[in-house]
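Just below is one structure, and these are the notes that go with it.
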There are 2 protein chains.
Amino acid sequence: MAVREFYSITELTREFDVSTRTLRFYEDEGLIHPVRRGRTRLYRPADRQLLRQILRGKRLGFSIAEIREIIQMYREPPGEVGQLKLMIRRIDEKREALRQKRRDLEDALGELDLAEDNCLERLAELGVST
Amino acid sequence: MAVREFYSITELTREFDVSTRTLRFYEDEGLIHPVRRGRTRLYRPADRQLLRQILRGKRLGFSIAEIREIIQMYREPPGEVGQLKLMIRRIDEKREALRQKRRDLEDALGELDLAEDNCLERLAELGVST
DNA sequence: TGCCTGAGTTACGTAAAAGTCAATTGCGTG
DNA sequence: CACGCAATTGACTTTTACGTAACTCAGGCA
């Protein structure tokens with residue numbers, strides 16, 4: 001199955017393991033804009049890609065509002081200089097937020113390592129070979 | 001001010017920028033267990049450290065329930081072999097979850113870079129020196 | 001003694017992000 | 001054509017993570 005022109009809503013729910021309600025909710029929130037044939041939604045590859053980014057944002061703990069902001073940044077840059085500079089500033093802010101998250105992540109990973117070491121040591125004390 | 005024996009609830013709210021309501025809520029949820037003098041809560045350095053970890057979990061987008069699980073892992077390892085092995089397995093699972101988050105993070109950072117490049121390029125086209 | 005001040009408890013409220021349910025509607029097919 | 005099935009819309013519900021009263025209590029101090 002090569003690159004498809006359209007995906008149905010249920011195809012996407014299966015692929016990304018979300019409900020139809022969720023996809024419609026994201027549409028109400030202005031995150032995705034699938035085209036329509038009659039009333040039924042048709043998702044293009046770009047919509048699918050966008051959904052992937054949205055769900056990634058969710059996994060990172062961003063709210064819908066924050067995700068909406070981030071989506072703006074992925075869009076075509078505006079034509080006006082002031083707007084462009086503003087957008088660059090906001091991109092920098094988001095990047096800083098992500099870097100903070102990365103630090104949190106590394107710290108948490110480090111502490112998990114310590115916790116595991118404790119467990120292994122305890123096992124060794126009990127004479128269990130790992 | 002060296003290492004203090006106890007911190008009051010308001011001291012912690014100031015240090016970590018959370019409300020007293022939040023701290024009491026976390027206690028209700030079984031995340032922190034400060035000692036008491038009469039009815040007033042006294043937070044030890046270990047409680048303070050734990051709070052730091054809780055808030056880091058929040059920033060990473062974990063729910064209270066997930067944070068509760070993670071806290072279990074930071075605790076003293078259990079004495080029984082089966083429990084120890086179980087805990088190690090769960091630690092590995094959490095680590096995998098964190099690594100997925102790290103991948104998400106790196107991807108998102110990469111796309112922000114692309115978005116910024118687009119903006120810079122657009123600025124260059126408009127003859128603006130950055 | 002009267003009054004702050006900081007802390008506590010109980011109870012109710014709320015916003016975000018969906019889940020659930022009911023009532024249609026359109027489409028392909030036997 | 002009637003049927004079943006997938007989709008749609010709209011209304012209502014739920015869960016999570018606190019916020020917001022409203023009131024009480026103990027200690028210090030003028």
Side-chain angles (χ1 to χ4, degrees), chain A residues 4-44 47-48 50-72 97 101 104 108, chain B residues 1 4-44 47-48 50-72 97 101 104:
Chain A
R4 301 263 307 272
E5 190 176 2
F6 294 123
Y7 304 85
S8 77
I9 193 167
T10 37
E11 282 174 328
L12 286 193
T13 65
R14 293 207 182 99
E15 178 173 358
F16 292 101
D17 193 32
V18 293
S19 68
T20 58
R21 183 69 186 82
T22 299
L23 293 183
R24 295 185 191 119
F25 174 69
Y26 288 165
E27 185 172 347
D28 283 349
E29 291 293 312
L31 299 186
I32 325 181
H33 305 284
V35 297
R36 302 257 177 158
R37 181 169 50 207
R39 300 198 306 169
T40 79
R41 295 162 173 83
L42 297 178
Y43 295 83
R44 293 151 294 187
D47 296 319
R48 185 161 158 281
L50 185 53
L51 178 58
R52 185 189 308 283
Q53 294 174 349
I54 292 170
L55 295 177
R56 194 179 58 210
K58 287 248 67 186
R59 287 196 300 273
L60 289 173
F62 288 109
S63 71
I64 298 291
E66 288 172 307
I67 290 172
R68 200 183 351 251
E69 280 183 53
I70 295 175
I71 285 178
Q72 311 270 318
K101 258 177 210 203
D104 286 336
Chain B
M1 189 183 342
R4 301 261 308 272
E5 191 176 2
F6 294 123
Y7 304 85
S8 76
I9 193 166
T10 36
E11 282 174 328
L12 286 194
T13 65
R14 292 206 183 98
E15 178 174 358
F16 293 101
D17 194 32
V18 292
S19 67
T20 59
R21 180 71 183 84
T22 299
L23 292 183
R24 295 186 188 120
F25 173 70
Y26 288 165
E27 187 173 347
D28 283 349
E29 291 293 312
L31 299 186
I32 325 179
H33 304 283
V35 297
R36 302 254 178 161
R37 180 168 49 209
R39 299 198 309 169
T40 78
R41 295 163 172 82
L42 297 179
Y43 294 83
R44 292 151 295 186
D47 296 320
R48 185 162 158 281
L50 185 53
L51 178 57
R52 187 188 305 284
Q53 295 173 348
I54 292 169
L55 296 177
R56 195 180 57 209
K58 288 244 67 183
R59 288 197 298 273
L60 289 173
F62 288 109
S63 72
I64 298 292
E66 289 171 310
I67 290 173
R68 197 178 0 243
E69 281 183 51
I70 296 175
I71 284 178
Q72 310 270 319
K101 256 176 211 205
D104 287 337

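Order of the sequence lines sets the chain letters (A, B, ...), proteins ahead of strands, with each chain counted from 1. All values below come from the heavy atoms of this structure, side chains included, with hydrogens, waters and symmetry mates left out. Nothing here was measured: the structure is a model prediction, and the numbers come from that model.
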Over how many whole Å does the gap from B:D28 atom CG to D:dT16 atom C1' extend? 14 Å
Spacing of A:L23 atom CG relative to C:dA18 atom P, expressed in whole Å: 10 Å
Separation of C:dT10 P from B:E27 CD (nearest whole Å): 12 Å
Within the structure, does a side-chain N or O atom of B:T10 lie under 4.0 Å from either OP1 or OP2 of C:dA7? yes
Just checking B:R37: base, sugar-phosphate only, or nothing, at a heavy-atom cut-off of under 4.0 Å? nothing
Of the candidates D:dT9, D:dA17, C:dG6, the side chain of B:F25 sits closest to D:dA17
For atom CZ of A:F62 and atom C1' of C:dA16, their distance in whole Å: 17 Å
Would you indicate, yes or no, if D:dA17 has its OP1 or OP2 atom less than 4.0 angstrom from a side-chain nitrogen or oxygen of B:R68? no
Would you call B:R36-B:E27 a salt bridge at under 4.0 Å N-O? yes
Measure the spacing between CD1 of A:I70 and CZ of A:F62 and express it to the nearest 0.5 Å. 4.5 Å
Between CG of B:L55 and P of D:dA17 the distance, given in whole Å, is 13 Å
Please check the phosphate of D:dA6 (OP1 and OP2 only) for any side-chain N or O of A:S8 closer than 4.0 Å. no
One thing to verify: whether B:R44 and B:D47 come together as a salt bridge, which I'm taking to mean a side-chain N less than 4.0 angstrom from a carboxylate O. yes
Side-chain N or O of B:R41 closer than 4.0 Å to phosphate OP1/OP2 of C:dG8: yes
Could you tell me whether the side chain of A:R21 has a donor or acceptor atom within less than 3.5 Å of a complementary atom in the base of C:dT20? yes
With respect to the phosphate group of C:dG8, does any side-chain polar atom (N or O) of B:R24 fall under 4.0 Å of OP1 or OP2? yes
A:E29 CD - C:dA15 P separation (whole Å): 14 Å
Whole-Å gap separating P (D:dC18) and CD1 (B:I32): 11 Å
OP1 or OP2 of D:dA17 less than 4.0 angstrom from a side-chain nitrogen or oxygen of B:Y26, does that happen here? no
Is the phosphate of D:dG19, meaning OP1 or OP2, less than 4.0 Å from a side-chain N or O of B:T22? yes
A side-chain contact here means heavy atoms from C-beta on lying under 4.5 Å apart; do A:Y26 and A:I64 qualify? yes
Does C:dA17 have its OP1 or OP2 closer than 4.0 Å to a side-chain nitrogen or oxygen of A:K58? no
Quick check: do B:R4 and B:R48 have side-chain heavy atoms less than 4.5 Å from each other? no
Just to be sure I understand the rule, does B:S63 reach a base, reach only the sugar-phosphate, or reach nothing, if contact means heavy atoms closer than 4.0 Å? sugar-phosphate
Given D:dT9, C:dG19, C:dA7, the nucleotide with the shortest approach to the side chain of A:S19: C:dG19
Would you say CG of A:D28 has more than 12 non-hydrogen atoms from neighbouring residues, nucleotides or ligands within 6.0 angstrom? yes
C:dA17 C1' sits how many Å from B:I64 CD1, rounded? 16 Å
